[in-house]
Number of protein chains: 2
Amino acid sequence: MEKKRVTITDVAREAQVSETTVSLAFKEGSRISEPTRKRILETASRMSYFPDSAARRLRFGSGKSIGLIVTDITNPWHATVVRSADQIVRSSGYQLIIAESNWDAATEVDVTRNMIESRVLGLIMCFSETTEESYLLIRRSGIPHVAIDTVPPFYKGPSVLSDHLYAGSEAARHLLFCGCSRPAFFTSDPGTRRFSTFTLLEKGFLSGLRKGGIDPQSVPIIEAGLSISQGQDAYARLRASGIEVDCIFCVNDLCAIGALEEAKSRGVSIGEELRVIGIDNLEFSALETVSLTSFADPRQEIMKAAANYLIESIEDEEPLDIHRKFRSRLIERKSTSRAAH
Amino acid sequence: MEKKRVTITDVAREAQVSETTVSLAFKEGSRISEPTRKRILETASRMSYFPDSAARRLRFGSGKSIGLIVTDITNPWHATVVRSADQIVRSSGYQLIIAESNWDAATEVDVTRNMIESRVLGLIMCFSETTEESYLLIRRSGIPHVAIDTVPPFYKGPSVLSDHLYAGSEAARHLLFCGCSRPAFFTSDPGTRRFSTFTLLEKGFLSGLRKGGIDPQSVPIIEAGLSISQGQDAYARLRASGIEVDCIFCVNDLCAIGALEEAKSRGVSIGEELRVIGIDNLEFSALETVSLTSFADPRQEIMKAAANYLIESIEDEEPLDIHRKFRSRLIERKSTSRAAH
DNA sequence: GTGAAAGCGCTAACAA
DNA sequence: TTGTTAGCGCTTTCAC
């Protein structure tokens, strides 16, 4: 038996009605008699008819979908972002189309183009900052968009971010307050450390330290990375270099946990000889055996602001703009216990 | 200035050629003179023309996309699966469409229907087991599909899984080998514990214990859950109940880590008084301060097998079938150190 | 090497 | 309440 796609025409013929009537039968509350509708729906079901969304969209002009491009779906931050975006977008009657660039420029351009060609109504972007091309495409497409998480230097459009500058200076303030005097900064790996997220954290941290009377020049900046093992390595390297520090600010929790782990294994007493702050406030960071001080950013808030802005600019067709920054909250734990008096 | 979608007709008019020629200009190696092609491409670019993929697909009959539905994108297992699926599918020239059911029956049906209506060529499913309807839809649609991770009782189609029965019995074997004699099983919460993943683990574990001479009836089955805090709670409840155990097999690492954490905070010596095994082999489980024995499943392998099977059945149009099970590997760590002789 | 015409599956006017 | 007609944007014969 040969398998053929069944179309609205087939259903119409089978049910002895016009295509229009079939189409109408699938629309809630349309002018059609209940018996007819029921009969058509039954026929359609029996024939395994599924309306073709491409045909519908072509006819209608545009669909009801919103795109979201993230850099790294395996990163808990992004996973959470996907989750809340999906909920918000879905509850507003849209469909979310998810794609991942995997930090790769070519992939980012590719998925961006796919989104545009499938005529998403709006686009939520986490730029990887490795290429400007995708942004160029988005601008030329005229699709409403909003950047979250990161704002590349070339980007001028609407954005919703966490305030990295603030987090950096807060980290400095807190560490100094705890009595530290020889800080280090663990940033991302050489390939990504110039991304705005990390440079802003660095800038904020160093300026916070300066305010506290510490010469930024004296602060070792280690190109660690974003994973546990890289954090371990980086701490090992720092120790091998002979530089002595009494606190570390890491650009994410994983790296911080790695540093903590390595320090512990060397018998360093955490919260006394060494204080550590991370960013992300992972569930693990709260464990008693980890107890890492960290910054919690309001992800749901960020996503809500971004998604709602997007939906508004889609529905109002207003050229609104948005540039919001959300402050993260410092969650104090044992890795930065305060000096006893 | 009013914003209008620019179509192939606009480009054709502007470049003084027919629509056909424009269409051809976008196809590599088509019979068209280089100067013409160049001119058209330039015009198109200047006018910000993006071909409409819905129109193309409608004309062409079908697109080049494959769907993947996962239950929980924030779960590292699923995130990794998404990542590798994307890579494989993309490298075979297809586009991956990702959706999340969030363990919700209505959402699952909804996204499944969307996939079918957008005419994906194939579908990779993580069923939530809360509804049979989505499977019914898939079958009726006639779309090639493959289930991964989990196989609901009603499902009879192709599948690629990890062998939970095996993992369960291996866990039992290992714990007995370490010298344990009073095991407990921490399963999922009441709402999900009947899902096949968990019942298979339970079945395998209990039968493994029976083989080792332990009466399965005597084994406390605790409805813990899948998160750290639920693992903590569950251990606390177990202790409060007065039941004494010397080892726990948990259905995932998060739960196991919670149990470990709670036990440690009560001064229980891990690896001696209490041994714990989890499942998933999270990066955290390898930390010295956690050191949780766990099962590592070959996710990439699973995904590769599933995706390749799907691509084959799409391209060959053969009604192949596949029922593969991959065995997980036990990663021994300190949480199950062997008894000294 | 280029164009004209037909039609993919669907829905929204407009008629009946 | 139902049907007829036209056309969304694109590609693909087939003719020139």
Side-chain angles (χ1 to χ4, degrees), chain A residues 3-41 43-44 47-65 113-114 116-121 141-142, chain B residues 3-41 43-44 47-65 113-114 116-121 141-142:
Chain A
K3 186 157 293 176
K4 275 193 52 167
R5 282 197 310 291
V6 8
T7 75
I8 204 172
T9 318
D10 303 321
V11 179
R13 193 179 328 103
E14 182 79 9
Q16 317 250 45
V17 290
S18 73
E19 302 182 12
T20 308
T21 312
V22 177
S23 175
L24 255 20
F26 277 90
K27 261 182 81 162
E28 293 289 327
S30 50
R31 41 162 241 226
I32 226 172
S33 72
E34 265 319 307
T36 320
R37 156 172 286 136
K38 210 177 153 209
R39 185 164 50 87
I40 293 174
L41 257 25
T43 313
M47 300 177 76
S48 292
Y49 165 71
F50 294 90
D52 184 320
S53 62
R56 174 186 289 149
R57 220 217 57 205
L58 185 59
R59 180 66 244 257
F60 190 75
S62 73
K64 279 288 253 178
S65 55
R113 193 187 296 277
N114 284 342
I116 296 172
E117 297 190 347
S118 68
R119 300 290 187 262
V120 293
L121 264 20
S141 75
Chain B
K3 188 158 292 179
K4 273 192 55 167
R5 282 196 310 290
V6 8
T7 75
I8 204 170
T9 319
D10 304 321
V11 178
R13 193 179 328 105
E14 182 78 8
Q16 318 250 44
V17 289
S18 71
E19 301 182 12
T20 311
T21 312
V22 177
S23 176
L24 256 19
F26 276 91
K27 261 181 83 160
E28 294 288 326
S30 49
R31 42 162 241 233
I32 227 171
S33 74
E34 266 318 309
T36 320
R37 157 171 286 134
K38 213 181 150 207
R39 185 163 51 86
I40 293 175
L41 257 26
T43 313
M47 300 177 75
S48 292
Y49 165 69
F50 294 91
D52 185 320
S53 62
R56 172 186 290 150
R57 220 214 58 206
L58 185 58
R59 181 66 241 260
F60 190 75
S62 72
K64 280 286 255 177
S65 57
R113 193 186 296 276
N114 285 340
I116 296 172
E117 297 189 348
S118 67
R119 299 289 186 264
V120 292
L121 263 22
S141 74

Fill in: A:S53 and B:N114, any side-chain heavy atoms less than 4.5 Å apart
no
Item to complete: Could you check if a side-chain atom of A:D52 sits within less than 4.5 angstrom of a side-chain atom of B:R57, using non-hydrogen atoms only?
Response: yes
Worksheet item: Is any side-chain heavy atom of A:L121 less than 4.5 Å from a side-chain heavy atom of A:S62?
Response: yes
Response to the item:
Sorted by chain and number, sequence neighbours left out, salt bridge (Lys or Arg N to Asp or Glu O under 4.0 Å) with B:R113 holds for none
Practice prompt. Under the side-chain contact (heavy atoms from CB on, under 4.5 Å) rule, collect the residues that match up with A:A15, sequence neighbours excluded.
Written response: A:V17, A:R39, A:I40, A:T43
Practice prompt. Go along nucleotides 2-9 of chain D 5' to 3' and tag each nucleotide: B for a protein heavy atom under 4.0 Å from its base, S when only backbone or sugar atoms are that close, - otherwise.
Written response: BBBBBBBB
Worksheet entry | Partner set under side chain to side chain donor-acceptor pair (under 3.5 Å) for B:Q16, not counting sequence neighbours | none
Fill in: Counterpart residues, side chain to side chain donor-acceptor pair (under 3.5 Å), relative to A:T21 (two or more places apart)
A:S18
Worksheet, complete the sentence: Between CD1 of B:I40 and C1' of C:dG1 the distance, given in whole Å, is 11 Å
Practice prompt. Specify the angle, to 10°, made by the local axes at the two ends of the helix from C:dG1-D:dC16 to C:dA16-D:dT1 when five pairs are taken at each end.
Written response: 40°
Worksheet item: Are A:E19 and A:T7 close enough that some pair of their side-chain heavy atoms sits under 4.5 Å apart?
Response: no
